[in-house]
Amino acid sequence: MRLTNKHLFLVKAFMHWAALVPIVYLVLAVMTDEAGGDPVQYIIHYTGIGALNTLLIMLCISPIAKRFKQGVLVQTRRLMGLYVFAYATLHLAAFISLDLLFEWSLFLTETVKRPYILVGMLAYLLLFALAITSLNSIKRKMGKRWQKLHNSVYAVALLVPLHFIWSVKSEIIEPSIYIALTALLLWARKDQLKRMFSR
Ligand code: HEM
């Protein structure tokens with residue numbers, strides 16, 4: 001079956017549902033004391049993993065649309081990209097408010113002590129630039145520069161697993177799985193990436 005613009009509404013409604021349900025779950029888990037012994041760490045990890053999962057799902061959209069000739073799916077990428085940004089914003093907000101308790105001077109010392117935070121910051125700044133330029137009116141105004149800027153989603157896809165594996169103390173299986181998945185998704189675009197770098 002070929003999806004059309006008529007189905008797009010349902011696909012997008014499903015995506016909103018799938019992205020929002022985990023946030024409701026997190027709020028309920030915290031409110032009912034189900035967020036483990038260290039709820040602050042739980043929230044930071046949960047939202048970080050949420051951002052990374054959404055990013056990987058977003059990167060799956062184009063290959064799936066191409067493979068199954070469902071071009072209409074490409075129109076859902078902006079929606080998913082904005083959810084990546086939303087999860088990353090919750091992750092950063094949880095870190096600044098619940099972990100650092102808004103002690104801004106600590107942000108600097110923590111960044112020096114834990115350099116993976118700098119990597120996360122870089123990824124977040126790129127996501128921020130992608131989110132604010134995602135409006136159609138800005139896209140039109142930016143012309144060819146828009147695509148160049150939006151190609152930095154691949155840099156985000158490299159930075160976030162690095163941020164993840166650098167942040168863990170011992171457990172490396174989970175971040176390694178994420179690195180393998182990211183590598184697979186970038187490999188699926190190897191021709192496009194080769195063209196980008198040869199320009
Ligand atoms: C402003 C930048 C960021 C800061 C300050 C930040 C901070 C942190 C902190 C404190 C941790 C927990 C490390 C630990 O104690 O175990 C963490 C883990 C993580 N972050 Fe970030 N982060 C940032 C950006 C991002 C972005 C943009 C993403 C994804 C799009 C992301 C995804 C993750 C993931 C997947 C983890 C590992 C979660 C886990 O241990 O289960 N972070 N980050």
Side-chain angles (χ1 to χ4, degrees), residues 2-3 5 8 11-12 14-16 18-19 22 47-93 95 111 115-167 174-199:
R2 183 75 51 91
L3 295 174
N5 276 330
L8 198 57
V11 176
K12 283 189 175 176
F14 172 75
M15 285 177 166
H16 280 295
T47 48
I49 290 288
L52 179 53
N53 285 340
T54 319
L55 176 71
L56 295 184
I57 292 169
M58 189 198 70
L59 288 173
C60 288
I61 296 176
S62 288
I64 289 177
K66 215 165 153 186
R67 172 75 182 77
F68 298 101
K69 298 191 172 49
Q70 300 288 355
V72 82
L73 284 182
V74 169
Q75 292 180 53
T76 62
R77 281 185 311 182
R78 180 169 76 178
L79 174 74
M80 289 308 276
L82 289 173
Y83 272 117
V84 179
F85 178 64
Y87 269 96
T89 303
L90 289 176
H91 177 66
L92 174 62
F95 177 62
T111 307
Y116 68 84
I117 288 182
L118 208 62
V119 179
M121 196 71 199
L122 194 59
Y124 186 76
L125 289 176
L126 287 172
L127 283 175
F128 183 77
L130 300 183
I132 56 166
T133 56
S134 68
L135 286 174
N136 278 336
S137 54
I138 299 186
K139 185 176 178 179
R140 269 193 303 275
K141 272 191 201 138
M142 286 182 72
K144 279 188 179 161
R145 284 175 305 152
W146 188 88
Q147 192 52 58
K148 273 197 180 151
L149 175 67
H150 279 250
N151 284 342
S152 49
V153 70
Y154 303 122
V156 176
L158 291 171
L159 289 169
V160 177
L162 174 66
H163 169 71
F164 188 177
I165 199 156
W166 206 345
S167 78
E174 197 187 356
S176 305
I177 292 173
Y178 276 103
I179 288 180
L181 286 174
T182 313
L184 204 72
L185 285 168
L186 293 178
W187 180 254
R189 293 169 158 84
K190 60 181 186 316
D191 295 335
Q192 189 189 340
L193 291 171
K194 254 190 230 159
R195 275 198 305 277
M196 247 169 64
F197 286 109
S198 60
R199 256 180 232 146

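Values reported hereafter were calculated over all heavy atoms of this structure, with side chains retained and with hydrogens, waters and symmetry mates removed.
The aromatic rings of F85 and F128 are tilted relative to each other, their planes meeting at an angle between 30° and 60°.
Between T133 and W146, the shortest heavy-atom contact is O-NE1, 2.8 Å. Between P22 and A18, the shortest heavy-atom distance links the atoms CD-O, 3.0 Å. The minimum heavy-atom distance between R189 and P63, with the atom names listed, is NH2-CD, 3.6 Å. Taking all atoms of both residues into account, the shortest heavy-atom contact from Q70 to L3 is OE1-N, 2.6 Å. In terms of heavy-atom proximity, M15 sits nearest to I61 at CE-CD1, 4.1 Å. Heavy atoms only, all atoms of each residue included: R78 and L135 are closest at NH1-CA, 3.8 Å.
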*asked:* I'd like to know whether L79 forms a side-chain contact (heavy atoms from CB on, under 4.5 Å) with H16, so could you lay out the CA-CA distance, the side-chain angles of the two residues, the decisive distance to 0.1 Å, and finally the verdict.
replied: CA-CA 8 Å; L79 174 74; H16 280 295; 3.1 Å; yes

*Test log, rule side-chain contact (heavy atoms from CB on, under 4.5 Å), inputs V11 and Q75*: CA-CA 10 Å; V11 176; Q75 292 180 53; over 6 Å; no

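Annotation: the span from I179 atom CD1 to L158 atom CG amounts to 10.0 Å, rounded to 0.5 Å. Here the straight-line distance linking atom CG of L184 with atom CG of L59 works out to 11.5 Å at 0.5 Å rounding. To the nearest 0.5 Å, atoms CE (M58) and CG (L185) are separated by 10.0 Å. Distance check: L181 CG to N53 CG gives 9.0 Å after rounding to the nearest 0.5 Å. Here the straight-line distance linking atom NE2 of H150 with atom CZ of R145 works out to 11.5 Å at 0.5 Å rounding. Note that CG of L73 is 10.5 Å distant from CZ of F68, once rounded to the nearest 0.5 Å.
Side-chain atoms of R2 and V72, non-hydrogen and from C-beta on, never get closer than 4.5 Å to each other. Side-chain contact between M121 and T111: absent, with no pair of heavy atoms (C-beta onward) separated by less than 4.5 Å. Looking only at side-chain heavy atoms (C-beta outward), I165 and Y116 stay at 4.5 Å or farther from each other. Residues L52 and Y87 fail the side-chain proximity criterion, which asks for heavy atoms closer than 4.5 Å. Within the 4.5 Å cutoff, no side-chain heavy atoms of V160 are placed close to those of Y178. By the 4.5 Å heavy-atom criterion applied to side chains, T182 and L55 are not counted as neighbours. Using a 4.5 Å heavy-atom threshold, the side chains of H91 and Y124 count as separate. Side-chain contact between I57 and Y83 is absent, with no heavy-atom pair separated by less than 4.5 Å.
Looking at R77, its side chain never comes within 3.5 Å of a backbone N or O of S62 through a donor-acceptor pair.
A search for side-chain contact (heavy atoms from CB on, under 4.5 Å) contacts involving L126 returns S152, A155, V156, L159, not counting sequence neighbours.
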